[in-house]
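Report on the following structure.
Scope of the values below: all heavy atoms of this structure, side chains included, with no hydrogens, waters or symmetry mates.
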Amino acid sequence: MELSIPELQTLCLAGKFKWTAHILTRLQQRGINPSDVRSCIMTGEIIEQYPTDYPYPSCLILGVSVKQKYLHTVIGCGENFLWLITAYYPDTEEWEFDLKTRKEPRK
């Protein structure tokens, strides 16, 4: 099942979050505030879908933080909750200029 950004934004507005231990650790390591993750969801677009992820389908969102910095957030969706998996500032070594397209690995 593919996810839709309106569906994710509706759950975000309702505060239907499950914060995994992994994302909480990564946010702290990367200096990202939980409000930045919410901002990313509300301003973002889905750039990759992972419909076969377990236990719930997930996706990668490109949005902006509270301070208007581009942010990637990976979110699963199931049981009427957003399962927040990880968040990071995209690296131009790995992503094209649009921050939506992965660069081809160098050979």
Got a second to check how far I61's CD1 is from M42's CE, nearest 0.5 Å?
-> 10.5 Å

Is L3 close to I46 at the side-chain level, that is, under 4.5 Å between some pair of heavy atoms?
-> yes

Answer yes or no: are there more than 12 heavy-atom neighbours, outside Q28 itself, under 6.0 Å from its atom CD?
-> no

Q9 side-chain N/O to I41 backbone N/O, donor-acceptor pair under 3.5 Å = yes

Does one side chain, of T86 or R30, offer a donor that lies under 3.5 Å from an acceptor on the other?
-> yes

Linked, directly or transitively: L11 and I85 (ILVMFWY side chains, under 4.5 Å) | no

Chi angles and distances behind the side chain to side chain contact (heavy atoms under 4.5 Å, CB included) call for C59, L8 = CA-CA 10 Å; C59 64; L8 302 179; 3.6 Å; yes

Report yes if some heavy atom in the side chain of I75 is under 4.5 Å from a heavy atom in the side chain of S58; otherwise report no.
-> no

Any ring pair (Phe, Tyr, Trp, His ring centres under 6.0 Å) pairs touching residues 21-55, not counting sequence neighbours?
-> none

Verify the distance criterion only: is there a donor paired with an acceptor across the side chains of D98 and T101 at less than 3.5 Å?
-> yes

May I ask whether I47 and I5 are part of the same hydrophobic cluster, defined by side-chain heavy atoms of I, L, V, M, F, W, Y residues being less than 4.5 angstrom apart, directly or through others?
-> no

Do the non-hydrogen side-chain atoms of L62 and L71 ever get within less than 4.5 Å of each other?
-> no

Do K16 and N80 have side-chain heavy atoms sitting under 4.5 Å apart?
-> yes

Please step through side chain to side chain contact (heavy atoms under 4.5 Å, CB included) for the pair S65 and I32, ending with a clear verdict.
-> CA-CA 9 Å; S65 70; I32 300 170; over 6 Å; no

pair T52-P57: side-chain heavy atoms closer than 4.5 Å = no

Applying ring-ring contact (aromatic ring centres under 6.0 Å, His included), name anything that partners F17, two or more places apart in sequence or on another chain.
-> W19

Look at the side-chain heavy atoms of Ile, Leu, Val, Met, Phe, Trp and Tyr, link any pair under 4.5 Å apart, and say whether L60 and L99 land in one connected group.
-> yes

Is a side-chain donor or acceptor of K103 paired with a backbone partner of T92 at a separation under 3.5 angstrom?
-> yes

Spell out, as yes or no, whether a donor-acceptor pair under 3.5 Å connects the side chain of S39 to the backbone of S35.
-> no

Is K100 salt-bridged to E45, cutoff N-O under 4.0 Å?
-> yes

Heavy-atom side-chain contact between L82 and C12 under 4.5 Å | yes

Pairwise distance OG1(T43) to CG(D36) - rounded to 0.5 angstrom = 10.0 Å

Side chains of I23 and L84 in contact at under 4.5 Å (non-hydrogen atoms) | yes

Is N33 close to L27 at the side-chain level, that is, under 4.5 Å between some pair of heavy atoms?
-> no

Check against salt bridge (Lys or Arg N to Asp or Glu O under 4.0 Å), E48 and R102 = CA-CA 10 Å; E48 291 182 358; R102 291 183 190 269; 2.8 Å; yes

Of all pairs that satisfy ring pair (Phe, Tyr, Trp, His ring centres under 6.0 Å), the ones with a partner from residues 57-80, not counting sequence neighbours | H72-Y88, H72-W95

